[in-house]
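Order of listing sets the numbers, starting from 1, for every ligand and every atom in it. A quick note: this is a predicted structure, and the numbers were derived from the prediction, not measured. Just so it is clear, the values below take in all heavy atoms, side chains as well, and ignore hydrogens, waters and symmetry mates. Just so you know, residue 1 is the first one in the sequence shown, and it goes up from there.
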Amino acid sequence: MSVRVRFAPSPTGFLHIGGARTALFNWLYARHTGGTFILRIEDTDAARNTQEAVEVILNGLKWLGVDWDEGPATGDPKGPSKGSVGPYFQSQRGPIYKKRVDELIQKGCAYEHEGAVKFRMTREPIVIRDLIVGEVKRELTDREMAEPDFVIVRSDGQPVFHLVNVIDDLEMGITHVVRGEDHLSNTSKHIALFRAFGVEPPAYAHIPLILNPDGTKMSKRDQGASLTTYEAEGCVPEAVVNYLCLLGWSPKQNREVLSREEIIQLFDLPQILRHNARFDATKLQWLNGEYIRTMSFERFHEFAVQALNRAGLPITRFSTGYIRSALETCAGKIKQFSELADYAGFYFTDELAYDPAAKASLGPDERARLSRLREAFVVLEHFNATSLEAALKEVARKLEVKVGALVHPCRFACTGRTSGPSLYHLLEVLGKERVLQRIDRALALAEEAAQSP
Ligand code: GLU
């Protein structure tokens, strides 16, 4: 029997990383087994059902590279085929639910009650054989015992979550329900509904929750809770996929950096860990850094331009060649794209803002050395890293100072910073004109600061 799984989010305008991970685990399981992955938007709650809220989910999944295989045709003339179908929307499946409710009523498994339809719930304990959690026996609570039947269609005609969730899993031939552990408490109702339809329920796999680093439950407002923020902060999607997989699943052998293909190959449901996973921002950052370090320069360039734009740096007025050369000096040097505006901002500004405290570091000695360096730079015919390095070392030799005694004031004058890309390379990128201008301005400002009391 071929595996059929689904991700069934309700559009709340927010894609929690727990939800993103659920989507990913379902998708991985489908890809691992050669099965089918379905996306089903559970949008029967009309009040919350907006196009924007659906977009948040679709964009998030697209960003993660999670694609679905099936669904109604979207009107693409080439469809139905991958990419031109689905997702399924529960709001478009009303007649299917109606037919199934009639079936339950006819079988005596449901009945009308004060305008609503209620399901005749079994009074017997229900055993859930969960692939992750193990065997769970659910007895009815005292309150449920007093009134075990529950509403499946409200008096306004709206079918409720439990009903449509089960009907769709049944109609769509879902073989494995892989979802967050918060739904474990609903599962006995779902199993009872399946049986009322005369069908054995699918296999269940409830994934433990993602907790905050301190062990508390992750709420909407907690750091890292929304998938959208990862994209906004310039995270690499492969790093997030890799990280989410490690949150609650272990590939064994202590492997941590795994490509999508490797994960697909290794992923299996029984390996999902039973305990709750704690969100670890440092680990995600580390993984992200690993992906940045090893990505192609073209990819780095793409992410970097986005990050600089996001930071509001006016890079478009610079030539593409200049931007490219500037970014070449940053590749492999940053761990997160959010660091880039700070790291490389000096390339894309006309007037550097010098840190006032550090300005004092251009004392009389540094100013004298910097002036000598300027003289050496002015006469340079080829303003490239090799000749700049040679010229600087020559000045250091003549002045009998260490190379660092020139490197630091020069870096500070040209970048306004005490660290950054390789000095000789950044000087080459800035070019002679900018470098001389910056040295002049830094000297003038330091001189001014020295004069004022
Ligand atoms: N719509 C439910 C949710 O977003 C889905 C539950 C399920 O996966 O069965 O939590």
Side-chain angles (χ1 to χ4, degrees), residues 3-30 35-50 53-58 60-61 64 66 68 70-71 86-93 96-97 100 126 128-133 136 138 150 152 158-194 197 199 201-210 217-220 225-228 244 248 269 272:
V3 163
R4 292 176 61 82
V5 287
R6 82 312 190 265
F7 176 49
S10 309
T12 59
F14 183 84
L15 184 51
H16 192 279
I17 57 157
R21 186 186 56 162
T22 299
L24 198 58
F25 282 7
N26 275 286
W27 181 85
L28 283 168
Y29 192 55
T36 302
F37 173 73
I38 287 170
L39 175 63
R40 181 173 84 218
I41 308 292
E42 303 215 318
D43 59 347
T44 49
D45 182 351
R48 295 206 295 186
N49 174 16
T50 66
V54 173
E55 288 301 327
V56 170
I57 296 167
L58 302 186
L61 295 182
L64 291 172
V66 167
W68 53 91
E70 221 182 80
Y88 288 104
F89 288 90
Q90 286 190 326
S91 56
Q92 295 167 2
R93 296 167 60 78
I96 298 173
Y97 307 138
R100 288 289 187 172
I126 286 190
I128 306 162
R129 287 191 186 83
D130 193 280
L131 293 173
I132 299 168
V133 184
V136 183
R138 266 275 288 161
F150 58 91
I152 52 175
Q158 275 297 324
V160 308
F161 159 71
H162 302 299
L163 177 80
V164 292
N165 184 269
V166 165
I167 293 177
D168 279 341
D169 283 344
L170 193 165
E171 293 271 344
M172 294 174 188
I174 299 303
T175 57
H176 296 72
V177 169
V178 184
R179 60 184 175 190
E181 206 182 284
D182 46 334
H183 285 293
L184 187 60
S185 57
N186 296 324
T187 306
S188 47
K189 285 194 173 82
H190 296 183
I191 290 177
L193 277 163
F194 270 106
F197 285 118
V199 177
Y204 287 97
H206 285 94
I207 315 169
L209 303 180
I210 301 177
K217 201 174 164 218
M218 206 176 215
S219 83
K220 241 179 160 173
S226 159
L227 187 76
T228 322
L244 288 178
L269 286 180
I272 293 179

With sequence neighbours left out, the residues meeting salt bridge (Lys or Arg N to Asp or Glu O under 4.0 Å) with Glu70 are Arg4
Nearest 0.5 Å, please: how far is CG in Leu209 from NZ in Lys217? 6.5 Å
Using side-chain contact (heavy atoms from CB on, under 4.5 Å) as the criterion, point out the one residue from Glu181, Arg179, Arg21 that pairs with Ile207. Arg21
So that I know where these two stand, are His183 and Phe161 an aromatic pair - ring centroids less than 6.0 Å apart? yes
Could you tell me which residues satisfy salt bridge (Lys or Arg N to Asp or Glu O under 4.0 Å) with Asp182, sequence neighbours excluded, listed by chain and number? none
Residue shell for ligand 1, any heavy atom closer than 4.0 Å, reads Arg6, Ala8, Pro9, Ser10, Glu42, Phe161, Asn165, Arg179, His183
Residues in salt bridge (Lys or Arg N to Asp or Glu O under 4.0 Å) with Glu171, at least two apart? Arg100
